[in-house]
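Read the structure below first, then the notes.
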Amino acid sequence: MTPYFPFPSFLIEYRSMAINYRAELNDEQYAAVTTIDGPLLIIAGAGSGKTRVITFRIAYMLDNGIPQHSILALTFTNKAAREMEERIKELTGKKLQNMTISTFHAFGVKILRQDIERLGWRENFSIYDEVDRNQLIKDTGRELGFTADSLDVYKIGALFSGIKSGHRNWENANDQYRKLYEEYQAGLKLYNAVDFDDLIVLPIKLFREHPDVLEKYRQRYRYIMVDEFQDTSIQQYQFMHMLATGNVAVVGDDDQSIDSWRGANYENIRMFERDFPDLREIKLEQNYRSTETILEAANGVISHNTNRKEKALWSGNGSGRPIEIYLPENETAEADFVADTIRAVCMADRRKYDDFGVLVRANTLTRAIEEAFLDANIPYTVSGGTSFFQRKEINDIISYLRVIANHDDDINLLRIINTPRRGIGRRTIEQISEFSGMRKCSLWTSINAHLAAEDSPLSEKAKADLEEFVNLITEQRAQMLGGRGLSKKVKAMVDTIDYLSYLVQEYQKNEKAARYKLLNIDSLINSIDTWEKNPDNFDPGLFAYLNRITLLSRDDMDDDSGKGKVNLMTIHASKGLEFPVVFIIGAEDGIIPHARSLEEGDGSIEEERRLFYVAITRARDKLFLSSCSRRRKIQSVVECVPSPFLQEIPPHLVEYHEPAAEVEADKAIEILANMKKRFTI
DNA sequence: TTTTCTATCAGCAAC
DNA sequence: TGATAGAAAA
């Protein structure tokens with residue numbers, strides 16, 4: 001119908017905003033989007049438009065008058081949360097001020113910030129990551145007199161995490177660590193700190209002990225949505241279950257459950273079916289992402305798993321090109337092959353660098369690739385892995401901020417008390433920590449007691465140095481807590497402690513490293529600046545910043561969002577992403593499946609297979625696999641065999657490429673010899 | 001007593 | 001390769 005007179009422009013804009021759900025979605029997707037009341041289980045196969053369904057579903061809720069503040073969407077990574085938010089904004093054209101889209105952990109922090117006092121912590125608590133946690137375990141263990149070889153902090157940390165998250169319990173085998181666990185917990189509380197597991201466990205405790213708090217959240221969040229449901233832990237499930245008042249939708253794919261090592265439990269899908277018997281289940285089985293070749297390969301692999309929900313994923317995308325498997329001589333050859341192929345495909349198919357994803361099983365495997373990319377001048381970003389905030393220089397600065405916010409945070413205090421060096425050495429620290437052990441107080445309290453006491457055993461020099469430190473922190477605290485402009489204040493602090501000279505001093509032999517670290521600090525300050533200038537940020541203070549920061553990973557820092565760069569990452573980090581061209585490197589037995597998974601037994605192999613499945617299904621058009629015949633490991637070179645999973649790909653989909661024989665090796669030697677000649681002349 | 005140097009050890013995945 | 005713990009040097 002043509003209108004008699006033109007609509008005013010705002011009306012036209014409104015009309016163009018209106019979403020035609022039927023036209024945009026297939027039947028299953030449409031059903032999933034429009035079922036907003038009651039429990040809903042969406043089984044979303046790889047590439048079936050899961051993100052699309054979630055964003056449209058939220059848009060649909062808003063269209064039907066559900067207020068933003070009653071919607072809660074939980075994800076696993078910040079990246080996913082941010083992406084979801086952006087897509088919804090784009091789709092609806094609305095500002096999202098009251099909607100809660102966040103990771104489980106960030107949501108836990110939010111709850112704890114409100115009410116943690118009821119559990120005996122103080123408001124500005126610190127959040128300990130693995131490194132902090134392990135340090136605390138080490139310190140506590142020493143105090144309890146554990147010998148160095150019975151103190152494998154890595155293992156103990158995993159044990160404690162397992163205990164806390166409820167998927168392990170005390171058996172006589174590890175009873176010896178029970179006391180340590182209790183002391184560890186006491187330590188956390190003394191330092192006014194919580195660890196990652198606490199971010200889920202403590203809110204549950206809070207809800208149990210204070211039903212009024214729970215009720216507040218239940219009243220508010222009438223509509224709950226959980227993404228990557230197959231990766232929720234028992235706790236996270238419980239957490240969600242407590243909050244849910246009935247309108248709860250979970251989206252997941254049991255075939256993509258790859259996080260069981262941190263408590264993820266895809267049995268939760270069955271649990272959900274039990275707990276919400278009147279649920280509606282919708283399967284999304286049309287794959288919009290990959291070619292039929294890639295999908296068939298993925299199905300061939302995953303069909304070897306026994307314990308899974310049957311799915312019939314299909315794609316109407318045409319068969320596309322075959323999968324190529326390369327068998328390079330070693331990891332250097334493999335890296336060169338990846339770099340060369342990327343350049344070649346860029347030229348031949350008019351691809352951009354960000355069309356490529358290079359997936360590895362473990363972070364250590366990225367090294368050779370990075371070197372090859374640098375040599376070949378291929379721009380790349382690495383995501384996942386050690387977070388930006390785990391770099392020493394960043395961690396130092398953050399530790400300062402932590403101690404400024406929370407004086408009792410011993411772990412962070414110890415990290416910075418003599419960084420940069422200010423003459424406070426082992427002996428002094430021993431003395432003050434002995435006192436705090438006796439008095440059951442934090443180091444900060446102990447230091448101040450020593451400074452005030454007449455009969456302190458400390459030398460005058462030590463006292464003076466400590467006093468200088470205390471003054472520094474006190475002054476900085478006064479600065480930081482007053483008024484706005486956090487980034488400027490942090491910059492001023494970095495200048496005050498003269499961190500730059502410290503870096504130059506420490507890295508005399510490696511000027512490049514020092515400069516790089518300097519740049520990192522700059523980008524930290526920049527990121528604080530962007531954060532506090534964000535108009536959506538209502539609380540740009542120090543506490544808010546610290547609460548947020550521990551939960552971020554490296555990709556959350558990049559401003560340029562990796563545009564125009566090859567994406568290099570672990571398979572785990574690639575969850576939920578897709579790339580036109582994908583390389584899976586190191587497809588060797590012992591890497592994938594990882595050697596340790598064989599030792600562990602029970603279902604670990606199936607998880608490794610799911611991991612491989614996830615990797616394959618990231619690819620849209622073209623998939624390359626490579627498996628080296630030799631690889632450098634630690635100090636020695638190890639012979640490698642291709643991954644057994646490669647056999648599970650139907651052979652007619654695959655082209656094998658043997659290495660380009662020894663001729664190349666000879667040539668390489670010749671070239672090297674020529675180069676040497678040139679240099680010696 | 002604090003700082004610097006050297007040797008040794010260990011390496012899966014991440015909020 | 002990097003971090004860390006213990007030994008030597010300042």
Side-chain angles (χ1 to χ4, degrees), chain A residues 74-81 102-109 127-131 133-135 138 142 148-149 152-155 158 161 165 195-200 228 231-233 235-236 257-264 359-368 370-371 383-387 389-392 418-431 458-459 461-462 465 505-506 508-510 513 548-556 569-575 586 590-600 604 607-608 610-611 614-615 632-635:
Chain A
L74 293 170
T75 63
F76 276 82
T77 62
N78 294 291
K79 205 176 189 172
S102 109
T103 64
F104 270 98
H105 288 86
F107 188 56
V109 172
I127 301 168
Y128 279 5
D129 64 12
E130 268 76 13
V131 181
R133 179 191 71 187
N134 290 349
Q135 192 61 47
K138 199 186 279 173
R142 278 219 194 101
D149 49 336
D152 182 343
V153 284
Y154 192 80
K155 264 198 186 136
S161 175
S165 54
D195 64 22
F196 272 143
D197 298 309
D198 285 332
L199 296 181
I200 310 299
E228 307 285 3
D231 286 324
T232 47
S233 66
Q235 259 76 25
Q236 284 162 335
S257 169
I258 54 176
D259 282 351
S260 74
W261 48 273
R262 55 174 173 146
L359 309 184
V360 298
R361 172 70 235 260
N363 279 307
T364 45
L365 300 176
T366 59
R367 187 165 303 144
E370 287 191 65
E371 276 164 17
S383 49
T386 36
S387 127
F389 296 95
Q390 276 166 11
R391 292 175 178 286
K392 173 141 189 348
N418 202 31
T419 308
R421 304 220 145 89
R422 48 173 75 86
I424 302 173
R426 199 173 57 211
R427 181 78 194 118
T428 315
I429 291 172
E430 247 168 46
Q431 284 171 319
L458 292 173
S459 68
K461 181 188 166 295
D465 291 337
Q505 244 253 294
E506 288 292 295
Q508 286 169 359
K509 285 165 211 145
N510 195 346
R548 167 177 172 275
I549 211 167
T550 329
L551 304 170
L552 297 184
S553 52
R554 170 160 41 183
D555 357 325
D556 302 312
M569 65 185 76
T570 63
I571 301 175
H572 281 92
S574 75
K575 186 168 71 175
I591 292 182
I592 180 158
H594 193 271
R596 204 170 290 188
S597 71
L598 294 169
E599 298 161 25
E600 285 164 0
S604 293
E607 172 140 336
E608 295 290 311
R610 288 195 292 271
L611 198 52
V614 168
R632 246 191 116 73
K633 264 184 191 165
I634 312 177
Q635 279 126 346

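Protein chains get the first letters and strands the later ones, always in sequence-line order, with residue 1 at the start of each. Predicted model, so just to flag it, every value in this text is computed and none were measured.
- Every residue two or more places apart in sequence or in another chain that forms a ring-ring contact (aromatic ring centres under 6.0 Å, His included) with A:F76 is listed here: A:F104.
- Rounded to the nearest 0.5 Å, atoms CG (A:L199) and NE2 (A:H105) are 5.5 Å apart.
- Using a 4.0 Å heavy-atom cutoff across all strands shown, A:D129 reaches no nucleic acid atom at all.
- Separation of atoms CZ (A:R367) and CZ (A:R632) is listed at 11.0 Å; rounding is to 0.5 Å.
- Under 4.0 Å is where a charged nitrogen must lie from a carboxylate oxygen, and between A:E430 and A:R427 at least one such pair does.
- Taking the nucleotide of DNA chain B with the nearest heavy atom to each of A:G425 and A:A106, the more 5' of the two is matched to A:G425.
- Looking at heavy-atom distances under 4.0 Å, A:S459 makes no contact with the nucleic acid at all.
- Across the protein-nucleic acid pair, A:I429 atom CD1 and B:dT3 atom C1' stand 13 Å apart, rounded to whole Å.
- Of the candidate nucleotides B:dA13, B:dC12, B:dC15, B:dC12 has the atom nearest to the side chain of A:R596.
- In the set B:dA13, B:dC15, B:dT1, the nucleotide with an atom closest to the side chain of A:R427 is B:dT1.
- With rounding to the nearest 0.5 angstrom, the CG atom of A:L611 is 9.0 Å from the CG atom of A:D259.
- Scored by the side-chain hydrogen bond (donor to acceptor under 3.5 Å, both in side chains) test, A:H572 finds A:W261 as partners (sequence neighbours excluded).
- With hydrogens and angles ignored, no donor-acceptor pair closer than 3.5 Å exists between the side chain of A:Q236 and the base of B:dC15.
- Residue A:T428 places none of its side-chain N or O atoms closer than 4.0 Å to OP1 or OP2 of B:dT1.
- Rounded to whole angstrom, the span from the CD1 atom of A:I571 across to the C1' atom of B:dC12 amounts to 11 Å.
- The CD1 atom of A:I127 sits 14.5 Å away from atom CZ of A:R133, with the distance rounded to the nearest 0.5 Å.
- Rounded to whole angstrom, the span from the CD atom of A:E130 across to the P atom of B:dC15 amounts to 10 Å.
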Short heteroatom pairs, N/O only, protein and nucleotides 3-5 of chain C, under 3.5 Å:
| from | atom 1 | to | atom 2 | distance (Å) |
| --- | --- | --- | --- | --- |
| C:dA5 | OP1 | A:K138 | NZ | 2.9 |

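- Residues that satisfy the side-chain hydrogen bond (donor to acceptor under 3.5 Å, both in side chains) test with A:Q236, not counting sequence neighbours, are A:S233.
- In this entry the distance linking CG of A:L365 with P of B:dC12 reads 11 Å, nearest Å.
- Residue A:N418 places its side chain closer to B:dT3 than to any other of B:dC12, B:dT3, B:dC15.
- Residues passing the side-chain hydrogen bond (donor to acceptor under 3.5 Å, both in side chains) test with A:E607, sequence neighbours excluded: A:S260, A:R610.
- Here B:dG11 presents its P atom at 12 Å from CG of A:N134, a figure rounded to the nearest Å.
- Nucleotide B:dA13 holds its P atom 13 Å from the CD1 atom of A:I592, rounded to whole Å.
- Here CD of A:E371 is found 9.5 Å from OG1 of A:T366. Values are rounded to the nearest 0.5 Å.
- Listed candidates were B:dC15, B:dT2, B:dA13. Nearest to the side chain of A:N363 is B:dA13.
- As judged by a 4.0 angstrom heavy-atom cut-off over every strand, A:F76 is placed among residues touching the sugar-phosphate backbone only.
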Mind listing the N/O atom pairs, protein and nucleotides 4-8 of chain B, below 3.5 Å?
| from | atom 1 | to | atom 2 | distance (Å) |
| --- | --- | --- | --- | --- |
| B:dT4 | OP2 | A:R421 | NH1 | 2.6 |

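- Between A:R426 and A:R367, the one whose closest nucleotide on DNA chain C sits nearer the 5' end is A:R367.
- The aromatic ring of A:H105 does not sit over the base of B:dC15, since the test of centres under 5.5 Å and planes under 30° is not met.
- In this entry the distance linking CZ of A:R422 with P of B:dT2 reads 14 Å, nearest Å.
- When the P atom of B:dA13 is taken as reference, atom CD of A:E228 falls 19 Å away, rounded to whole Å.
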